[in-house]
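As the structure is a prediction and not an experimental result, all values here were calculated from the model.
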Amino acid sequence: MSKNGKKTQRPTSSADAPEPTYAAPPMSAEKRHALIREADRQTQAIMRLEVYKRIGYSVVAVGALMVYARVWQNAATWVLVLGIALMVLGALFSAVLYKGIKNAKKNVRHILEAAGVDPDAVRTRKSAKAEANTGDDAEKGEADEKDGDSDER
């Protein structure tokens, strides 16, 4: 106790102090479903942004072709100016989208973790089909082995 009668906390060593837990409180099924739905919507938006990023890369390539045409094919001077402008604008556009997409993917990962979903274990339709085909093939192989064993007896 201090001089004025109030309790004061003593500093404790970090070895004696219990580790704080930051477990999320239990989540309702509605809230979890809403978070998963939001992550899905953001994933769809990210895919659309990926298309625009590829368009930006294409603009850079067209600009490079225009510069090539001026330098090696003796095209008009305006082709060189337009080509450089396209390369610069396309590169800036693509760089901004790259950074935005990278941050958006982190955001989706955090949303899925908040919903209690392991983002690394999320299956795509393509992987689910591949697993289903592999499972069917394995079952057919086992059935063939059983049939082969019964024929030998």
Going by side chain to side chain donor-acceptor pair (under 3.5 Å), name the residues that satisfy it together with Glu38, two or more places apart in sequence or in a different chain.
Gln42
Closest non-hydrogen atoms of Tyr68 and Gln73, given as atom of the first, atom of the second and distance, are OH-NE2, 3.5 Å
Can you list every salt bridge (Lys or Arg N to Asp or Glu O under 4.0 Å) pair that touches residues 89-111, not counting sequence neighbours?
Glu50-Lys105, Arg109-Asp120
Do Arg54 and Val51 have side chains that approach each other closer than 4.5 Å (heavy atoms only, starting at C-beta)?
yes
I'd like to check Met47 versus Gln44 (side-chain heavy atoms, cut-off strictly below 4.5 Å). Are they in contact?
yes
With a 4.5 Å cut-off on side-chain heavy-atom distances among I, L, V, M, F, W and Y, is there a chain of contacts connecting Leu80 to Val59?
no
Which residues pass the side chain to side chain donor-acceptor pair (under 3.5 Å) test with His110, not counting sequence neighbours?
none
Sub-4.5 Å side-chain heavy-atom contact between Val81 and Arg70
no
Enumerate donor-acceptor pairs with a distance under 3.5 Å from any side-chain N or O in residues 86-93 to protein atoms, sequence neighbours excluded.
none

Does one hydrophobic cluster hold both Met66 and Val71, with members joined at side-chain heavy-atom distances below 4.5 Å?
no
Output the distance between atom CD (Glu113) and atom CG (Leu35), rounded to the nearest 0.5 Å.
12.0 Å
For Gly83 against Val67, the heavy-atom pair lying closest together:
C-CG2, 3.9 Å
Residues at least two apart in sequence or cross-chain that pass side chain to side chain contact (heavy atoms under 4.5 Å, CB included) with Ala39, listed by chain then number, are Val108, Ile111, Leu112
Are Ile55 and Leu49 linked, directly or through intermediate hydrophobic residues, by side-chain heavy-atom contacts shorter than 4.5 Å (ILVMFWY only)?
yes
Could you give the distance from OH (Tyr57) to CG (Leu97), rounded to the nearest 0.5 Å?
8.5 Å
With sequence neighbours left out, what residues match Arg41 under side chain to side chain donor-acceptor pair (under 3.5 Å)?
none
